[in-house]
Number of protein chains: 2
Amino acid sequence: MDLRKAGLKATLPRLRILETLGMANVRHMSAEDVYKALLEAGEDVGLATVYRVLTQFEAAGLVIRHNFEGGRAVFELDDREHHDHLVCTGCGRIQEFHDSVIENHQTEIADKYGFTITDHALVIYGECDDCAGR
Amino acid sequence: MDLRKAGLKATLPRLRILETLGMANVRHMSAEDVYKALLEAGEDVGLATVYRVLTQFEAAGLVIRHNFEGGRAVFELDDREHHDHLVCTGCGRIQEFHDSVIENHQTEIADKYGFTITDHALVIYGECDDCAGR
DNA sequence: ATGTATGCAAAACATTTGCACCTGG
DNA sequence: CCAGGTGCAAATGTTTTGCATACAT
């Protein structure tokens, strides 16, 4: 939460972007989503700044960038336990989950092939209950 | 392998693109990779056609499109058992693997949250042996 | 023939960068 | 004050699309 602790000046745009990502009802937003939310909130921010700041936040470990299908990256505040994602192809809803058996197996696999894990991305695509009946 | 069976006319560009993806030493290529390979082979093909054809192949289930980190999609011939990927962040090398324990757990997780799996993507990023010592 | 596929060039996106101006500490 | 941050516009890189021509059946 503390920008200074992350080595970043506490400027207005950075604070606002962090706030926006912290809004309980969103969790996963694209750069454009953040930008639009700020404009609607009456903030005068540039899209380029949103991209720059999100990239800095990622480097500082404040947010996680996801490359789900669809061509645009989405960002999420890195303020809770590690988890993976279920993405509904119908409504776009995102469900987080954690499975330690899968996590452990990933480490085993990396070992087996001589890789040192730096990161991993597990995304399950499917249709959620609400979308099943169209 | 059979374009007609997939409902696609057996045109020269399509045959060449399929051949290129089938070259044993590649497996994972971006649209541009395929395009360049064809130009070098003396084929007169357009980049737009490569994109169009790869998208058709994906829809027909002949190839799989991956959105790894890095902004560009890579394609792989869908001619073997399902598998996931280890991607070396150092040299870009891609190692395929399969783990049935992980697969089974994914199904369980989807069930638990009421999702019907249509697809999934597990990518482990890390550094391979060869890159470990820089 | 004839409907579909292709190549080219232009368009559409997502994201990045150059630069003059503004701001936080 | 002054290094670093920001907004804007222009540049980039990837993928898509419109259209006249070429090709497979």
Side-chain angles (χ1 to χ4, degrees), chain A residues 1-21 28-60 62-76 92, chain B residues 1-21 28-60 62-76 92:
Chain A
M1 293 283 189
D2 198 332
L3 288 174
R4 251 148 303 191
K5 220 170 275 177
L8 296 167
K9 263 198 215 172
T11 63
L12 211 58
R14 284 180 184 154
L15 288 169
R16 293 285 174 269
I17 291 170
L18 205 50
E19 269 174 29
T20 304
L21 285 170
H28 301 85
M29 303 178 84
S30 69
E32 184 114 27
D33 290 339
V34 173
Y35 174 63
K36 283 187 188 150
L38 288 175
L39 287 195
E40 277 170 31
E43 298 293 331
D44 181 29
V45 64
L47 180 56
T49 299
V50 174
Y51 274 105
R52 266 186 299 236
V53 170
L54 287 173
T55 301
Q56 294 160 349
F57 283 3
E58 185 193 13
L62 295 175
V63 308
I64 301 174
R65 179 196 304 256
H66 298 290
N67 297 295
F68 295 156
E69 292 179 0
R72 36 145 146 283
V74 298
F75 299 82
E76 131 182 60
Chain B
M1 291 280 200
D2 197 332
L3 289 174
R4 248 147 306 190
K5 221 169 274 177
L8 296 168
K9 267 197 211 170
T11 65
L12 211 59
R14 284 180 183 154
L15 288 168
R16 292 286 173 269
I17 291 170
L18 205 50
E19 269 174 30
T20 304
L21 284 171
H28 301 84
M29 304 178 84
S30 68
E32 184 113 26
D33 290 339
V34 173
Y35 174 63
K36 283 187 188 150
L38 288 174
L39 286 195
E40 279 170 31
E43 297 294 331
D44 181 28
V45 65
L47 180 56
T49 300
V50 174
Y51 274 105
R52 267 186 297 235
V53 169
L54 287 174
T55 301
Q56 294 160 349
F57 282 4
E58 186 193 12
L62 295 174
V63 308
I64 301 175
R65 178 195 305 256
H66 297 291
N67 298 295
F68 296 155
E69 291 178 3
R72 39 146 148 281
V74 299
F75 299 81
E76 132 181 59

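Worth knowing before you read on, the calculation uses all heavy atoms, side chains too, and leaves out hydrogens, waters and symmetry mates. Computed from a prediction, not measured in an experiment: that's the story for all the values here. Residue numbers begin at 1 in each chain, while the letters A, B, ... track the order of the sequences.
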Starting from [atom2] on [N], measure out to [atom1] on [X] and report it in whole angstrom.
X: A/Leu15; N: C/dT23; atom1: CG; atom2: P; value: 15 Å
X: A/Leu3; N: D/dG4; atom1: CG; atom2: P; value: 17 Å
X: A/Arg4; N: C/dT23; atom1: CZ; atom2: P; value: 18 Å
X: A/Leu54; N: C/dA14; atom1: CG; atom2: P; value: 15 Å
X: A/Phe68; N: C/dA14; atom1: CZ; atom2: P; value: 17 Å

- Message: Would the distance check show the side chain of A/Thr49 and the main-chain N or O of A/Val45 forming a donor-acceptor pair, the cut-off being under 3.5 Å?
- Response: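 Here the side-chain-to-backbone pair does not exist.
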Treating A/Arg14 as the side-chain partner and A/Lys9 as the backbone partner, does any N or O pair qualify as donor plus acceptor under 3.5 Å?
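Between the backbone of A/Lys9 and the side chain of A/Arg14 there is a qualifying donor-acceptor contact (under 3.5 Å).
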Quick check: on DNA chain D, is the nucleotide nearest A/Val53 upstream (toward 5') of the one nearest B/Arg72, or the reverse? Name the residue that is more 5'.
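Whichever sits nearer the 5' end wins; that is A/Val53.
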- For DNA chain D, whose closest nucleotide is more 5', that of B/Gly70 or that of B/Thr11?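 So the residue in question is B/Gly70.
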C/dG7 phosphate, OP1 or OP2, under 4.0 Å from B/Thr49 side-chain N/O: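 Yes, such a contact exists.
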query: D/dT16 phosphate, OP1 or OP2: any side-chain N/O from B/Tyr51 under 4.0 angstrom?
result: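 For D/dT16, OP1/OP2 do not have a side-chain N/O of B/Tyr51 under 4.0 Å.
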- Message: By the definition side chain to side chain contact (heavy atoms under 4.5 Å, CB included), identify the one residue from A/Leu62, A/Val53, A/Val63 that meets it with A/Ile17.
- Response: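 Of A/Leu62, A/Val53, A/Val63, side chain to side chain contact (heavy atoms under 4.5 Å, CB included) with A/Ile17 is met by A/Val53 alone.
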Kindly indicate whether the side chain of A/Arg52 and the base of D/dG4 share any N or O donor-acceptor pair separated by less than 3.5 Å?
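No pair found.
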- Which parts of residues 31-39 of chain B get close to DNA chain C, meaning a heavy atom less than 4.0 angstrom away?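 By residue number: none to list.
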| request: Identify whether any heavy atom of A/Arg14 sits under 4.0 Å from a base atom; if not, whether one sits that close to sugar-phosphate; answer base, sugar-phosphate or nothing. | output: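 Sugar-phosphate only.
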Discussion item. What contact category does B/Arg65 fall into here, base, sugar-phosphate, or nothing, at under 4.0 angstrom with non-hydrogen atoms?
Written reply: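 Nothing, no heavy atom under 4.0 Å.
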query = What closest approach, in Å, do A/Ala31 and A/Leu47 show between heavy atoms, and which atom pair accounts for it?
reply =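 Looking at all heavy atoms of both residues, the closest pair is O-CD1, 4.2 Å.
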Review point. Considering only side-chain heavy atoms of B/Lys9, which listed nucleotide, C/dT16, C/dT6, C/dT4, is closest?
Key: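 Nearest to the side-chain atoms of B/Lys9, counting from C-beta on, is C/dT4.
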